[in-house]
Amino acid sequence: MTSTPTETDLRQGRPPLKGEAAGPPAGDVRSRLVPPFMSPGPRLWETLRIPPATGDALARRAGWAGPLLVTLFAGLLRFRDLGSPRAVMFDETYYAKDAWALVHRGFELSWPKDVDKLIIERGGDVPLPVDPAYVVHPPVGKYVIGLGELMFGFDPFGWRFMVAVLGTLSVLMLCRIGRRMFRSTFLGCLAGLLLAVDGLHFVMSRTALLDGVLMFFVLAAFGCLVVDRDRARARLAAALPADGQGRVRPDAEIARTLRLGARPWRWAAGLMMGLAIGTKWSGFVVLAAFGLLTVLWDVGARRAAGARNPYGAVLRRDVVPAFVATVPVAVVTYVVSWTGWILSSDDGTGGYYRNWAATEGQGAGWTFLPEWLRSLWHYENQVWGFHVGLTSPHTYESNPWSWLVMGRPVSYFYESPGPGQDGCPSDVADKCAREVLAIGTPMLWWAGCFALLYVLWRWALRRDWRAGGILCGIAAGYLPWFMYQERTIFLFYAVAFVPFLCLALAMTAGAMLGRPDAGETRRVAGISGVGLLVLLVLWNFAHFWPVLTGEPIPLEEWQTRMWLDTWV
């Protein structure tokens with residue numbers, strides 16, 4: 001898919017505005033392969049009464065300074081009272097203990113059912129169990145959680161620490177990814193800011209569950225592919241000939257035959273996707289979707305460079321390297337993540353099912369394979385049966401049709417302290433509510449529904465590669481759950497595609513702002529609209545803050561935040 005100039009690109013084919021650096025000559029293929037980054041126009045510096053030289057220096061530094069400031073804001077939010085509530089919340093009862101076992105024994109252990117209270121009281125002084133546990137998720141996410149426990153202890157702060165780190169870093173990544181995609185520091189930082197104040201991302205960054213870790217690796221893989229796309233296109237542009245006026249021209253032979261090199265960023269994407277799969281199996285869908293996406297991006301690059309049959313050129317030059325850099329790398333990474341289980345004993349004292357090939361699996365076929373591999377395959381087969389057959393009803397389960405409109409959030413923690421207890425003001429009439437509710441910021445998600453329609457239009461009718469990338473990320477994290485509507489599933493699974501929803505909103509904001517050379521009335525209207533949207537999202541996040549953090553509030557104030565009956 002080729003790139004089409006839009007509101008978020010520098011205008012092509014027009015004279016530069018006063019004070020704006022001249023772009024590439026009109027008709028230059030380089031500007032299609034490697035679009036320039038936007039720079040603030042002179043009107044901004046005139047309005048702020050900043051000298052042009054100072055403004056240019058600020059613009060150069062803003063590429064990193066802006067994302068870092070947004071990330072600092074996100075980090076302050078996520079690490080504030082991270083150990084509160086001092087309790088084992090929701091599925092932390094599984095992953096915090098599994099993580100502690102993994103970093104000490106290399107495989108999960110079977111804990112007593114009533115051990116959570118003892119862990120809160122004694123932390124690392126609780127003895128490790130002896131028997132292995134049957135678990136249904138791979139180990140990477142639990143190793144991440146366990147790293148925080150090793151550093152800060154077997155307590156709520158310890159098991160939430162690394163998830164908060166990854167949640168904060170994901171904001172930085174999204175700022176930089178958005179900047180690279182839209183060629184705009186402002187829109188990149190806007191996408192990151194929206195992620196920083198999304199309630200679901202915020203709660204998942206402060207809870208020791210696997211989905212926040214999965215989100216990080218999925219976003220990291222996408223970011224690696226975006227960088228790879230830019231570098232591959234720059235290599236194509238550098239190889240194309242220039243005419244007498246310095247304009248880079250398409251060349252069918254070069255576009256058809258040029259090899260694009262080792263492409264280390266695509267290998268890094270394969271590693272990230274392997275870590276995503278090693279966190280939750282839903283990463284396999286991401287691997288397939290992103291693998292197809294990077295190949296289609298190569299098709300667009302070779303078409304822009306002049307290839308008459310870009311699909312044939314990509315089939316000959318790019319498909320095999322793309323496959324090798326992603327699928328085998330991801331699979332090897334996944335298998336390596338099981339090293340602790342693989343190295344455990346197969347005499348019955350190691351990981352669950354570790355001795356299957358030496359006992360029940362003798363003569364079961366494929367005996368030429370190593371016993372650890374046969375045992376691991378059997379384990380995975382059993383886990384697959386569990387996942388597809390999970391239909392046990394749960395109070396907070398929800399159908400994926402309701403996710404985008406926040407139909408049924410998940411309550412991770414709830415207490416009703418009386419007046420003067422556990423932070424509840426002593427002058428309240430009745431009692432307080434103290435809740436941690438996994439819910440997206442409603443204004444952000446509801447606006448995101450309209451943004452998705454805009455992005456879908458941009459991709460379907462304009463073939464905008466950025467819209468295609470955003471939709472790919474959302475589809476990979478969202479659509480597979482419609483195949484398992486009878487399964488017990490939850491809204492918080494949606495955190496895997498929240499960053500792409502924020503990118504969709506940022507892209508829509510770019511369209512609202514209008515062209516850089518638009519009239520003053522149009523620009524003022526666009527800026528006002530975007531500013532109002534951002535203020536509404538910020539207010540909404542602040543309004544829901546108490547029910548995102550477990551802050552005690554009077555019951556009537558809690559009730560004013562339960563906008564829908566299905567939220568209770």
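Positions are given from 1 along the sequence. As the structure is a prediction and not an experimental result, all values here were calculated from the model.
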S.K.: To the nearest 0.5 Å, tell me how far F161 CZ sits from D155 CG.
M.R.: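 Atom-to-atom, F161:CZ and D155:CG are 12.0 Å apart.
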
S.K.: What pair of heavy atoms forms the shortest contact from W481 to S282, and how long is it?
M.R.: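 Of all heavy-atom pairs spanning W481 and S282, the closest is CZ2-CB, 4.5 Å.
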
S.K.: Applying ring pair (Phe, Tyr, Trp, His ring centres under 6.0 Å), run through Y414 and W558 and close with a yes or a no.
M.R.: CA-CA 11 Å; Y414 187 88; W558 173 83; 5.7 Å; yes

S.K.: Pairing donors with acceptors under 3.5 angstrom, does anything connect the side chains of S416 and R434?
M.R.: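 No pair is found: no donor N or O on one side chain lies under 3.5 Å from an acceptor on the other.
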
S.K.: Quick one: pull up OG1 in T168 and CE in M173 and give me the separation to the nearest 0.5 Å.
M.R.: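 Nearest 0.5 Å value for the OG1-CE distance: 11.0 Å.
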
S.K.: Hey, what's the ring geometry for F152 with F157, parallel, tilted or perpendicular (30° and 60° as the breaks)?
M.R.: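 Rings of F152 and F157: perpendicular, over 60°.
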
S.K.: Please evaluate residues F222 and F500 with respect to the criterion ring pair (Phe, Tyr, Trp, His ring centres under 6.0 Å), reporting the C-alpha separation (whole Å), side-chain torsions for both, the decisive distance (0.1 Å), and the verdict.
M.R.: CA-CA 10 Å; F222 182 78; F500 299 95; 5.0 Å; yes

S.K.: What heavy-atom pair brings G283 and I277 nearest, and what distance separates the two atoms?
M.R.: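 Closest pair (atom of G283, atom of I277, distance): C-CG1, 3.4 Å.
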
S.K.: I'd like to know if the side chain of W563 reaches the main chain of T560, judged simply by a donor and an acceptor atom lying under 3.5 Å from each other, with no hydrogens or angles considered.
M.R.: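 Side chain of W563 to backbone of T560, a donor-acceptor pair under 3.5 Å: yes, one is there.
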
S.K.: Do side-chain atoms of S110 reach the backbone of D131 as a donor and acceptor pair under 3.5 angstrom?
M.R.: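 Such a contact is absent between S110 side chain and D131 backbone.
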
S.K.: Do the side chain of W356 and the main chain of L376 share a donor and acceptor less than 3.5 angstrom apart?
M.R.: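 No; zero donor-acceptor contacts below 3.5 Å.
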
S.K.: Return yes if some donor-acceptor pair links the side-chain N/O of T279 with the main-chain N/O of V140 below 3.5 Å, else return no.
M.R.: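 Judged by distance alone, no pair lies under 3.5 Å.
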
S.K.: In terms of side-chain heavy atoms, does Q485 have a donor or acceptor partner in W401 at a distance below 3.5 Å?
M.R.: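 There is such a pair (donor and acceptor under 3.5 Å, judged by atom type) between the side chains of Q485 and W401.
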
S.K.: Side chains of T207 and E92: donor-acceptor distance under 3.5 Å anywhere?
M.R.: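 Short answer, no.
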
S.K.: What distance do K97 atom NZ and F154 atom CZ have between them, rounded to the nearest 0.5 Å?
M.R.: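 One finds 7.5 Å between NZ of K97 and CZ of F154.
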
S.K.: So, D198 and W445: side-chain donor and acceptor under 3.5 Å apart, yes or no?
M.R.: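 Looking only at side-chain atoms, W445 and D198 do form a donor-acceptor pair, the distance falling under 3.5 Å.
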
S.K.: Report yes if the side chains of Q421 and K431 come closer than 4.5 Å at any heavy-atom pair, otherwise no.
M.R.: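 A side-chain contact is absent here, since even the closest heavy-atom pair is not under 4.5 Å.
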
S.K.: If you take all heavy atoms of Q382 and Y134, which pair is closest and at what distance?
M.R.: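 Shortest heavy-atom separation between Q382 and Y134 comes out as O-OH, 3.4 Å.
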
S.K.: Are more than 12 heavy atoms from other residues, nucleotides or ligands located less than 6.0 Å from atom CD of E486?
M.R.: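 For E486, atom CD is not crowded (no more than 12 foreign heavy atoms under 6.0 Å).
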
S.K.: Tell me, yes or no, whether the heavy-atom count around F450 atom CZ, taken from other residues, nucleotides or ligands under 6.0 Å, exceeds 12.
M.R.: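 No, not enclosed.
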
S.K.: Does the structure place the NZ or CZ of R176 under 6.0 Å from the centre of the six-membered ring of W64, at an angle of no more than 45° from the ring's axis?
M.R.: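 Pair R176/W64 counts as cation-pi.
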
S.K.: Classify the ring geometry of F490 against H394: parallel below 30°, tilted from 30° to 60°, perpendicular beyond 60°.
M.R.: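 Perpendicular: the ring planes of F490 and H394 meet at over 60°.
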
S.K.: Measure SG to SG for C432 and C424 and state whether it is below 2.5 Å.
M.R.: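 Answer is yes, sulfur atoms closer than 2.5 Å.
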
S.K.: Any side-chain heavy atom of T549 within less than 4.5 Å of one from D81?
M.R.: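 Not touching, per the 4.5 Å side-chain cut-off.
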
S.K.: For the residue pair W539 and V534, establish whether any side-chain heavy-atom pair is separated by less than 4.5 Å.
M.R.: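 A side-chain contact is absent here, since even the closest heavy-atom pair is not under 4.5 Å.
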
S.K.: Would you please say whether a donor-acceptor pair under 3.5 Å links the side chains of R408 and S402?
M.R.: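 Side chains of R408 and S402: no pair found under 3.5 Å.
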
S.K.: Apply side-chain contact (heavy atoms from CB on, under 4.5 Å) to S344 and F107, showing your working.
M.R.: CA-CA 8 Å; S344 68; F107 54 91; 3.7 Å; yes

S.K.: Examine the side chains of R78 and H201 and answer whether a donor and an acceptor come within less than 3.5 Å of each other.
M.R.: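 Side-chain D/A pair, R78 to H201: present.
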
S.K.: If you apply the rule ring pair (Phe, Tyr, Trp, His ring centres under 6.0 Å), what do you find for F482 with Y478, and how did you get there?
M.R.: CA-CA 8 Å; F482 286 91; Y478 187 27; 5.0 Å; yes

S.K.: Taking side chain as C-beta onward, heavy atoms only, is V436 less than 4.5 Å from P85?
M.R.: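 A side-chain contact under 4.5 Å exists here.
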
S.K.: Just wondering, do V203 and I439 contact through their side chains at under 4.5 Å, heavy atoms?
M.R.: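 A side-chain contact under 4.5 Å is absent here.
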
S.K.: Please evaluate residues T294 and R266 with respect to the criterion side chain to side chain donor-acceptor pair (under 3.5 Å), reporting the C-alpha separation (whole Å), side-chain torsions for both, the decisive distance (0.1 Å), and the verdict.
M.R.: CA-CA 9 Å; T294 189; R266 196 147 66 180; 3.3 Å; yes

S.K.: Got more than 12 heavy atoms from elsewhere within 6.0 Å of CH2, W338?
M.R.: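 Check passes, neighbour count above 12.
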
S.K.: Would F541 and F202 satisfy ring pair (Phe, Tyr, Trp, His ring centres under 6.0 Å), going step by step from the backbone distance to the final call?
M.R.: CA-CA 10 Å; F541 177 75; F202 173 78; 5.4 Å; yes

S.K.: Could you check whether any side-chain heavy atom of S170 comes within less than 4.5 Å of a side-chain heavy atom of M215, counting everything from C-beta outward?
M.R.: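 Yes. Closest side-chain heavy atoms under 4.5 Å.
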
S.K.: Is the shortest side-chain heavy-atom distance between F186 and C189 below 4.5 Å?
M.R.: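 F186 does not reach C189 side chain to side chain.
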
S.K.: Give, for atom OG1 of T333 and atom CG of L271, the distance between the pair rounded to the nearest 0.5 Å.
M.R.: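 Going from the OG1 atom of T333 to the CG atom of L271 covers 4.5 Å.
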
S.K.: State, without any angle test, whether T441 and N540 hold a side-chain donor-acceptor pair at a distance under 3.5 Å.
M.R.: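 T441 vs N540: no donor-acceptor pair found between side chains.
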
S.K.: Are there more than 12 heavy atoms of other residues, nucleotides or ligands under 6.0 Å from atom CZ of R61?
M.R.: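 Open.
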
S.K.: Rounded to the nearest 0.5 Å, what's the gap from CG on L536 to CH2 on W446? Could you check?
M.R.: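 Taking CG in L536 and CH2 in W446, the distance rounds to 11.5 Å.
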
S.K.: Which heavy atom of V226 sits nearest a heavy atom of M181, and at what distance?
M.R.: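 Looking at all heavy atoms of both residues, the closest pair is CG1-CG, 4.0 Å.
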
S.K.: Side chains of V163 and L209, heavy atoms from C-beta outward: is any pair under 4.5 Å?
M.R.: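 No, every pair of side-chain atoms sits at 4.5 Å or beyond.
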
S.K.: Checking Y334 against W281: is there a side-chain donor and acceptor pair closer than 3.5 Å?
M.R.: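 Short answer, yes.
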
S.K.: I'd like to know whether CH2 of W545 has more than 12 heavy-atom contacts from other residues, nucleotides or ligands below 6.0 angstrom.
M.R.: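 Result for CH2/W545: enclosed.
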
S.K.: Crowded around Y94 OH? As in, over 12 foreign heavy atoms under 6.0 Å?
M.R.: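 Atom OH in Y94 is not crowded, with 12 or fewer foreign heavy atoms closer than 6.0 Å.
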
S.K.: Got a second to check how far E397's CD is from N399's CG, nearest 0.5 Å?
M.R.: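 That separation rounds to 9.0 Å.
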
